[in-house]
Amino acid sequence: MAESNDFVSVDMEKIYLGGKEHVIKTGRGNVSVIVSGDQDKPALITYPDIALNHMSCFQGLFFCPDAASLLLHNFCIYHISPPGHELGAAPICPDDPVPSADDLADQIIEVLNHFRLGAVMCMGVTAGAYILTLFAMKYRERVIGLILVSPLCKAPSWSEWIYNKVMSNLLYFYGMCGLLKDCLLQRYFSKEVRGSTEVPESDIVQACRKLLEERQSINVFRFLQAINGRSDITEGLKRLRCRTLIFVGDSSPFHSEALHMTAKLDRRFSALVEVQACGSMVTEEQPHAMLIPMEYFFMGYGLYRPCQFSDSPRSPLSPSCISPELLSPESMGLKLKPIKTRVSLEV
């Protein structure tokens with residue numbers, strides 16, 4: 001457990017929702033945590049995908065008024081960045097050992113102990129979803145629920161392994177070049193928002209491309225190496241007893257993996273939401289598609305969304321939008337059926 005003098009606190013109020021950065025010294029290197037909200041509330045831990053951090057992976061979700069009322073009303077948010085992925089991060093020394101996926105999962109327990117947190121809710125995207133699932137398997141008593149977006153659970157296929165090796169070589173020899181950013185954006189977003197020669201990139205893709213320029217290539221290289229060396233954790237999924245809610249875009253490169261993971265989880269404690277016309281990063285591309293399932297998922301824990309936003313005719317949480325299948329009581333508190341959603345992209 002880290003001592004109180006093992007961290008520094010830096011004001012981040014101008015950057016993100018009044019949050020503050022804490023740099024925690026762990027046995028596997030330093031890790032940056034942005035804390036946002038009332039620390040007396042239950043904890044929600046987030047972990048992003050490769051080359052991303054809380055700003056580029058979760059701001060779309062947390063900047064939605066309805067999501068703010070649901071998540072920030074019920075939780076204090078602890079955004080954990082992969083080593084060297086935090087805002088303004090310096091290059092990690094090349095001589096430092098590259099952490100494994102297990103090392104990254106073990107960092108999280110040190111973060112929880114540092115903040116004296118008990119059992120937490122977890123939300124992760126793709127590589128981050130893998131790290132948090134691995135954490136939940138290793139420290140089952142410390143996780144009360146998992147929200148996984150386009151998650152991974154198997155070892156890399158040959159095609160993914162080769163694709164990741166190509167990205168690793170680009171990072172090593174050329175840094176955060178245009179071709180690498182294109183590869184990453186293809187990983188994150190659907191073709192519809194990435195644009196084409198006739199259609200320009202959407203605003204969210206342009207913003208993500210700009211944020212990728214700030215990443216240090218050696219730091220991204222190290223996280224990519226850890227994820228490309230991950231093991232198959234499918235068998236361990238059967239022993240998970242925390243409630244699990246999985247989102248995946250039907251255009252995600254990891255769509256089939258999310259379906260595989262859902263099939264291996266205990267159906268009494270898990271649910272799948274497929275989001276139409278969306279890539280892997282549902283949190284950015286179609287965050288409103290997450291609100292209805294999350295609200296009913298949290299109701300199983302006795303949590304709720306304050307009503308001040310519910311009068312809006314645009315609210316995705318209005319009763320007319322709720323599938324009756326979500327209202328059947330079961331062990332989760334409320335039964336979550338696999339559903340498909342289509343969210344209007346109009347503002």
Side-chain angles (χ1 to χ4, degrees), residues 48-49 52 56-67 70-71 123-129 146-153 160 184-196 198-208 244-265 267 270-298 312-328 334-347:
D49 194 16
L52 303 175
S56 46
C57 196
F58 296 104
Q59 69 172 346
L61 178 64
F62 281 89
F63 282 5
C64 286
D66 289 297
L70 175 64
L71 296 170
M123 179 188 295
V125 177
T126 312
L146 287 169
I147 301 171
L148 307 175
V149 182
S150 304
L152 308 173
C153 65
E160 186 197 343
L184 289 169
L185 292 170
Q186 187 173 349
R187 175 188 177 95
Y188 307 147
F189 297 109
S190 67
K191 185 177 180 180
E192 286 79 6
V193 297
R194 293 201 314 272
S196 63
E198 294 81 18
V199 181
E201 288 181 343
S202 69
D203 291 343
I204 58 170
V205 175
Q206 290 181 32
C208 187
T244 305
L245 178 59
I246 294 178
F247 294 92
V248 65
D250 62 3
S251 298
S252 168
F254 308 106
H255 180 262
S256 61
E257 182 131 357
L259 299 184
H260 170 80
M261 184 172 185
T262 303
K264 297 300 181 181
L265 288 165
R267 292 186 179 183
S270 60
L272 170 68
V273 178
E274 295 178 83
V275 184
Q276 295 180 350
C278 188
S280 297
M281 201 157 36
V282 184
T283 51
E284 290 294 302
E285 190 169 344
Q286 293 200 35
H288 282 87
M290 300 179 64
L291 292 172
I292 300 169
M294 283 198 307
E295 182 176 37
Y296 283 87
F297 183 69
F298 292 150
S312 167
R314 295 177 180 269
S315 173
L317 300 179
S318 60
S320 62
C321 295
I322 298 173
S323 167
E325 291 182 323
L326 291 175
L327 303 179
S328 303
L334 290 165
K335 188 176 182 180
L336 292 173
K337 288 280 193 176
I339 62 174
K340 286 184 177 285
T341 64
R342 182 176 293 276
V343 177
S344 171
L345 297 180
E346 293 180 4
V347 178

[X] side chain near [Y] side chain, heavy-atom distance below 4.5 Å:
{"X": "Tyr188", "Y": "Leu52", "result": "yes"}
{"X": "Val273", "Y": "Val282", "result": "no"}
{"X": "Glu274", "Y": "Leu259", "result": "yes"}
{"X": "Asp250", "Y": "Val248", "result": "no"}
{"X": "Ser251", "Y": "Lys191", "result": "no"}

Could you state the interatomic distance from [atom1] ([X]) to [atom2] ([Y]), rounded to the nearest 0.5 Å?
{"X": "Leu245", "Y": "Met123", "atom1": "CG", "atom2": "CE", "value": "9.0 Å"}
{"X": "Ile246", "Y": "Leu265", "atom1": "CD1", "atom2": "CG", "value": "5.0 Å"}
{"X": "Arg194", "Y": "Ile204", "atom1": "CZ", "atom2": "CD1", "value": "11.5 Å"}
{"X": "Met261", "Y": "Leu152", "atom1": "CE", "atom2": "CG", "value": "9.0 Å"}

Contacts of Glu201 meeting salt bridge (charged side-chain N to carboxylate O under 4.0 Å, His left out) (sequence neighbours excluded), chain-then-number -> Arg209
Who are the salt bridge (charged side-chain N to carboxylate O under 4.0 Å, His left out) partners of Glu257, not counting sequence neighbours? none
Heavy-atom pair with the smallest gap, counting every atom of Phe297 and Leu146: CZ-O, 4.0 Å
Taking it one step at a time, do Ser190 and Glu285 satisfy side chain to side chain contact (heavy atoms under 4.5 Å, CB included)? CA-CA 8 Å; Ser190 67; Glu285 190 169 344; 2.4 Å; yes
Ser280: side chain to side chain contact (heavy atoms under 4.5 Å, CB included) partners, not counting sequence neighbours: Thr126, Ser150, Ser252, Pro253, Phe254
Who pairs with Pro287 by side chain to side chain contact (heavy atoms under 4.5 Å, CB included), at least two apart in sequence or on another chain? Leu61, Cys64
Audit row: Met281, Arg187, side chain to side chain contact (heavy atoms under 4.5 Å, CB included) steps and yes/no: CA-CA 9 Å; Met281 201 157 36; Arg187 175 188 177 95; over 6 Å; no
Answer yes or no: is there a donor N or O on one side and an acceptor on the other, between the side chain of [X] and the main chain of [Y], under 3.5 Å?
{"X": "Glu284", "Y": "Gln59", "value": "yes"}
{"X": "Thr283", "Y": "Cys57", "value": "yes"}
{"X": "Thr262", "Y": "Ala258", "value": "yes"}

List in chain and number order the residues that pass side chain to side chain donor-acceptor pair (under 3.5 Å) with Ser202, two or more places apart in sequence or in another chain; answer none if no residue qualifies. none
For Gln186, check side chain to side chain donor-acceptor pair (under 3.5 Å) against everything at least two apart and list the hits. none
Taking it one step at a time, do Leu185 and Cys208 satisfy side chain to side chain contact (heavy atoms under 4.5 Å, CB included)? CA-CA 8 Å; Leu185 292 170; Cys208 187; 4.0 Å; yes
Under the ring pair (Phe, Tyr, Trp, His ring centres under 6.0 Å) rule, collect the residues that match up with Phe189, sequence neighbours excluded. none
For Met294 and Phe247, what are the C-alpha separation, side-chain angles and deciding distance, and is it a side chain to side chain contact (heavy atoms under 4.5 Å, CB included)? CA-CA 10 Å; Met294 283 198 307; Phe247 294 92; 4.0 Å; yes
